[in-house]
Amino acid sequence: MTSDSKPYSGEQRDGAPLPAGGPNPPPGPDPTPDPRAADAPVGESLAKDAWRRLTQNRAAMASLGLLIAIVVVCVAGPWFLPWGLAEVDWNAFGTGPTLENAHYLGTDANGRDLLTRVLYGGRVSLSVALVASFVSLVIGVLYGAISGYLGGRVDSLMMRFVDIMYSLPFMFLVILLMVVFGRNIFLIYAAIGAVEWLDMARIVRGQTLALKRREFIEAAHALGVRDSKIVTRHLIPNAIGPVIVYVTLTVPKVILLESFLSFLGLGVQEPLTSWGVLISEGVDMMESAPWMLLVPSFFLAATLFCLNFLGDGLRDALDPKTR
């Protein structure tokens, strides 16, 4: 310390006190908060943004709630009913809805409780729809992503195979499978899943062709990322929006296909039942026992309406053009 320097006394030369920390306090954050910081938008993931937009759609949320209620009733409802699937009430053949003997929705022509059969039929119809849709989702997404990513001759050959599958009559394929392997519910899964993945493959292929020239794909190539990881980690996740929407529209289509096959006698067989089988039986008894047609038709129509409204809501929530 030189002779001219003085020890720090906490005061300026004019006697005014110095700020805390000495004459030159260290730099730091401004203790005064910026009022604009509270109004700054908070980052939101794509999933949260889509869910927020979906919850604002009243029709989609009401459809989701009703669909969950139908699934829960079909899965858990038969456990609380006094009648079994094939159990016959010898005192009630083709009776209407009544509280007597707990036949709340009536009985069929063979004296079996209609509510029990409708709920068991819902299990079969919904399981066929979910399994077949899952099969079409897995096969179609992988097939379409690989075809669109590779391009060239490979893409042409893969799409020509899809065109050949389109040209095969669906009913001919179902009948051929049943002649060769016999009738069982697993053939319905295989038959419906064998044709429903074709539309999914084309949708994913189109999305892949639009995405594979984007900057993030080029960056992944420059970093040496393997093609398999580019397809599974970059292309498929970015194409998942249209895929989810199409799956919600595939489920009602598969339910209608299963109902159509059962209506023609090519679907599930006794003792199992489905909504299509019950509707087919109800058509024969429409004049004398209309409840046999109205009850399964109501469950089928309500499920289809819910899935379609939910698909529309997901499309609006996941479409970036509507944001």
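Heavy atoms only: backbone and side chains are in, while hydrogens, waters and symmetry mates are out.
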Calculate, to the nearest 0.5 Å, the distance between atoms CG and CD1 belonging to Leu300 and Ile279 respectively.
4.5 Å
Report yes if the side chains of Leu235 and Val204 come closer than 4.5 Å at any heavy-atom pair, otherwise no.
no
For Asp89 and Asp113, run side-chain contact (heavy atoms from CB on, under 4.5 Å): C-alpha distance rounded to whole Å, both residues' side-chain angles, the deciding distance at 0.1 Å, then the answer.
CA-CA 8 Å; Asp89 186 357; Asp113 185 65; over 6 Å; no
Starting from Phe309, can I reach Ile255 by hopping between I/L/V/M/F/W/Y residues whose side chains sit under 4.5 Å apart?
no
What pair of heavy atoms forms the shortest contact from Leu307 to Pro252, and how long is it?
CD1-CD, 3.6 Å
Is Leu85 close to Arg117 at the side-chain level, that is, under 4.5 Å between some pair of heavy atoms?
yes
Could you walk me through whether Met292 and Leu278 pass the side-chain contact (heavy atoms from CB on, under 4.5 Å) check?
CA-CA 7 Å; Met292 290 181 58; Leu278 294 173; over 6 Å; no
For Asp108 and Asn110, indicate whether the former's side chain and the latter's backbone hold a donor-acceptor pair under 3.5 Å.
yes
Side chain proximity check, Met285 to Trp291, heavy atoms < 4.5 angstrom
no
Of the non-hydrogen atoms in Ala60 and Leu310, which two are nearest, and what is the gap between them?
O-CD1, 4.0 Å
Spacing of CG belonging to Leu81 relative to CG belonging to Leu119, to within rounding of 0.5 Å:
6.0 Å
Report, as yes or no, whether the 6.0 Å neighbourhood of atom CZ on Arg160 holds more than 12 heavy atoms from other residues, nucleotides or ligands.
yes
Quick one: does Arg214's side chain get under 4.5 Å of Asn238's, heavy atoms only?
no
Would you kindly confirm whether Phe80 and Leu115 end up in one hydrophobic cluster when ILVMFWY residues are joined by side chain heavy atoms under 4.5 Å apart?
no
Can Phe305 be reached from Val71 by stepping across I, L, V, M, F, W or Y side chains whose heavy atoms are under 4.5 Å apart?
no
Does a side-chain heavy-atom distance below 4.5 Å link Met200 with Ile139?
no
Do Arg123 and Tyr120 meet the cation-pi criteria used here (NZ or CZ under 6.0 Å from the six-membered ring centre, within 45° of the axis)?
yes
At what distance, to the nearest 0.5 angstrom, does CG of Leu150 lie from OG of Ser156?
11.5 Å
Is the backbone of Ile164 close enough, under 3.5 Å, to the side chain of Ser167 for a donor and an acceptor to pair up by distance?
yes
Should the heavy atoms of other residues, nucleotides or ligands under 6.0 Å from CZ of Phe298 be counted, would the total exceed 12?
no
Should the ring pair His234 and Phe216 be called parallel, tilted or perpendicular, given that the plane angle runs from 0 to 90° and is split at 30 and 60?
tilted
Given side-chain contact (heavy atoms from CB on, under 4.5 Å), test Thr250 with Ser136 step by step and report yes or no.
CA-CA 9 Å; Thr250 301; Ser136 67; 4.3 Å; yes
How about Phe93 and Thr107: do any of their side-chain heavy atoms sit closer than 4.5 Å?
no
Plane angle bin for Trp83 and His103 - parallel if under 30°, tilted between 30 and 60°, otherwise perpendicular
parallel
To check you understand the geometry: which heavy-atom pair defines the closest contact between Thr208 and Gly148, and what is its length?
CG2-C, 3.7 Å
Under a 4.0 Å N-O cut-off, is there an ion pair linking Asp199 with Arg202?
no
Is there a side-chain contact between Asp227 and His221 (heavy atoms, below 4.5 Å)?
yes
Give the cluster check for Ile70 versus Leu130: same hydrophobic cluster or not, with ILVMFWY residues linked at side-chain heavy-atom distances below 4.5 Å.
no
Minimum heavy-atom distance Thr273-Val124, with the two atoms named
O-CG2, 3.2 Å
Can you tell me how far OH of Tyr246 sits from CG of Leu314, rounded to the nearest 0.5 angstrom?
15.5 Å
Between Met159 and Ser147, the two heavy atoms sitting closest are CE-OG, 3.6 Å
What's the spacing between Leu294 CG and Met286 CE if we round to 0.5 Å?
9.5 Å
Begin with the C-alpha distance, continue with both residues' side-chain angles, and end with the deciding distance and a verdict on side-chain contact (heavy atoms from CB on, under 4.5 Å) for Val283 and Leu293.
CA-CA 6 Å; Val283 170; Leu293 175 62; 4.0 Å; yes
Cluster link Leu64 to Val72, ILVMFWY, side chain under 4.5 Å
yes
Keeping Thr55 on the side-chain end and Trp51 on the backbone end, is there a donor-acceptor pair under 3.5 Å?
yes
Rounded distance [0.5 Å steps], SG in Cys74 versus CZ in Phe299:
6.0 Å
At their closest point, which heavy atom of Cys306 faces which heavy atom of Leu66, and how far apart are they?
SG-CD2, 3.4 Å
